[in-house]
Amino acid sequence: MDMIIEISSVTKTFNTNGTSFIALKGIDLSLMEGDFISITGESGSGKSTLLSIIGGLTPPTAGDITVDGIRLLELDPERLADFRRQYIGFVFQQFHLITYLNALENVMLPLSISERNKNHMEDTAFGALEMVGIKDKALRLPNELSGGEQQRVAIARAIVNKPPIILADEPTGNLDTKTGREIFGIFKELNLKGHTVILVTHNMELAQKTHRIITMKDGLISRG
């Protein structure tokens, strides 16, 4: 397997109302293509900040991050947006579905930027919904779906562009135990299909089923 993500001496400082907070304090981390890792730690330990930096949503204050040979700090905003669209599928604790669009239309959103025709976009979105086991709910609005079903739609939207990397920030945090296990199972299947999956979670039962656990504390990697 090849190296896909390399993080070197990454720090992140946030400044709010004249007060500085150091969220990350020199992170070094390497991930191989096809890895399935979990990032755990207490609230405020830097987990979500690290995920956001890997995904190109937040620039580091210092250090370097390379994804598939691409140095993110060298990308201008337009190229960074292209990078995210090509490489990253994001899944969050909050589903962030558009309430007035049905499941199929929500999944089609990332495709609308490209030059594909509507029939092709619909077919691709149906395929993503089928992959997460919810194709039969394609025409339902978010408020007609359960929490687990909404998260399945959010995952389908994240994978519709077939990104090699999936970043999931507490994707089971709003779900009951049984549904959370089912959602975790989808990430496991996606990993088996070749996606590199990075999962931020407080759930140690789920974390222990990944290939590797990264534990963070006070902006540092304490284990992993």
Side-chain angles (χ1 to χ4, degrees), residues 1-7 29-40 47 50-57 65-72 75 79-93 95-96 103-104 106-111 113-114 116 120-135 138 148-149 151-172 180-201 203 205-214 224:
M1 290 188 298
D2 296 326
M3 186 85 67
I4 192 166
I5 298 170
E6 189 160 7
I7 299 165
L29 183 63
S30 297
L31 300 178
M32 304 298 289
E33 188 177 1
D35 266 348
F36 186 7
I37 76 160
S38 51
I39 303 176
T40 67
K47 305 184 302 297
L50 178 58
L51 205 70
S52 182
I53 287 175
I54 292 171
L57 291 175
I65 174 165
T66 303
V67 178
D68 196 25
I70 302 168
R71 292 188 67 220
L72 299 196
L75 303 182
R79 290 169 65 206
L80 195 57
D82 290 339
F83 158 80
R84 286 193 297 266
R85 187 163 55 249
Q86 181 180 353
Y87 277 91
I88 308 293
F90 292 100
V91 182
F92 300 99
Q93 181 173 351
F95 314 127
H96 298 303
L104 181 68
N106 268 282
V107 176
M108 286 171 61
L109 283 174
L111 301 173
I113 301 168
S114 61
R116 301 172 185 171
H120 187 271
M121 288 194 295
E122 286 184 351
D123 289 345
T124 304
F126 268 121
L129 286 168
E130 185 172 26
M131 191 176 294
V132 300
I134 200 172
K135 185 178 179 180
E149 289 168 343
Q151 190 61 293
R152 287 173 187 262
V153 174
I155 295 170
R157 181 182 57 192
I159 65 173
V160 73
N161 272 330
K162 299 180 174 60
I165 301 167
I166 299 172
L167 306 180
D169 194 354
E170 295 285 0
T172 65
R181 288 173 181 160
E182 292 172 352
I183 293 299
F184 178 84
I186 294 174
F187 288 112
K188 190 172 182 178
E189 284 294 318
L190 291 169
N191 177 246
L192 290 172
K193 292 179 184 293
H195 295 274
T196 301
V197 180
I198 305 174
L199 176 75
V200 167
T201 183
N203 188 323
E205 177 194 344
L206 299 182
Q208 288 167 359
K209 296 178 181 178
T210 63
H211 299 163
R212 177 180 171 198
I213 300 175
I214 305 294

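These numbers come from the heavy atoms of this one structure, side chains and all, not from hydrogens, waters or symmetry mates.
Applying the side chain to side chain donor-acceptor pair (under 3.5 Å) criterion to Ser38, with sequence neighbours excluded, gives Thr210.
Remark: side-chain polar atoms of Gln151 are paired, donor with acceptor, to backbone N or O of Pro171 under 3.5 angstrom. At least one donor-acceptor pair under 3.5 Å links the side chain of Asn191 to the backbone N or O of Gly34. In this structure a side-chain-to-backbone donor-acceptor pair under 3.5 Å is present from Arg84 to Gly56.
The pair Asp82-Arg79 does not meet the salt-bridge criterion, since no charged nitrogen lies less than 4.0 angstrom from a carboxylate oxygen. At a threshold of 4.0 Å, the pair Lys47-Glu170 does not count as salt-bridged, since none of the basic side-chain nitrogens sits closer than that to a carboxylate oxygen.
Taken to the nearest 0.5 Å, the CD1 atom of Ile134 stands 8.5 Å off from the CD1 atom of Ile186. Atoms CD1 and CD1, on Ile7 and Ile53 in that order, are 8.0 Å from each other to the nearest 0.5 Å. The CD1 atom of Ile165 sits 4.0 Å away from the CD1 atom of Ile5 when rounded to the nearest 0.5 Å. Atom CG of Asn106 and atom CG of Leu129 lie 9.5 Å apart (nearest 0.5 Å). Once rounded to the nearest 0.5 Å, the distance linking OG1 of Thr172 with CG of Leu206 reads 5.0 Å. Put simply, CG on Leu51 and CG on Leu57 are 8.5 Å apart, with the number rounded to the nearest 0.5 Å.
Taking 4.5 Å as the limit, every side-chain heavy atom of Val153 sits out of range of all side-chain heavy atoms of Phe95. At least one side-chain heavy atom of Arg181 sits less than 4.5 Å from a side-chain heavy atom of Glu205. Within the 4.5 Å cutoff, the side chain of Leu31 has heavy atoms near those of the Arg212 side chain. At a threshold of 4.5 Å between non-hydrogen side-chain atoms, the residues Ile183 and Arg152 count as touching. With contacts defined as side-chain heavy-atom distances shorter than 4.5 Å, the pair Arg157/Pro110 qualifies. No side-chain heavy atom of Met131 sits less than 4.5 Å from a side-chain heavy atom of Ile155. The closest side-chain heavy-atom distance from Ile70 to Tyr87 is below 4.5 Å. In this structure, the side chains of Asp123 and His120 stay at 4.5 Å or more apart for every pair of heavy atoms.
For the pair Ala156 and Val132, the tightest heavy-atom approach, listed with the atom from each and the gap, is CB-CG2, 4.0 Å. Among all heavy-atom pairs drawn from Val91 and Ala158, the shortest one is CG2-CB, 3.7 Å. Of all heavy-atom pairs spanning Gln86 and Pro164, the tightest one is O-CD, 3.4 Å. The shortest non-hydrogen separation linking Ala128 to Val107 is CB-CG1, 4.1 Å. Between Leu104 and Ala125, the closest heavy-atom pair is CD1-CB, 3.5 Å.
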_Residue pair Val160, Met108: steps toward the side-chain contact (heavy atoms from CB on, under 4.5 Å) verdict_ = CA-CA 8 Å; Val160 73; Met108 286 171 61; over 6 Å; no
_Go through it in stages, so that I can follow the logic: the residues are Met3 and Glu33, the test is side-chain contact (heavy atoms from CB on, under 4.5 Å), and I'd like the CA-CA distance, side-chain angles, deciding distance and then a yes or no._
CA-CA 6 Å; Met3 186 85 67; Glu33 188 177 1; over 6 Å; no
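The aromatic rings of Phe36 and Phe184 lie parallel to each other, their planes meeting at an angle below 30°, with 60° marking the opposite boundary. Classification of the Phe92-His96 ring pair by plane angle, with boundaries at 30° and 60°, yields perpendicular.
When the shell of 6.0 Å around NZ of Lys209 is examined, it contains more than 12 heavy atoms from other residues, nucleotides or ligands.
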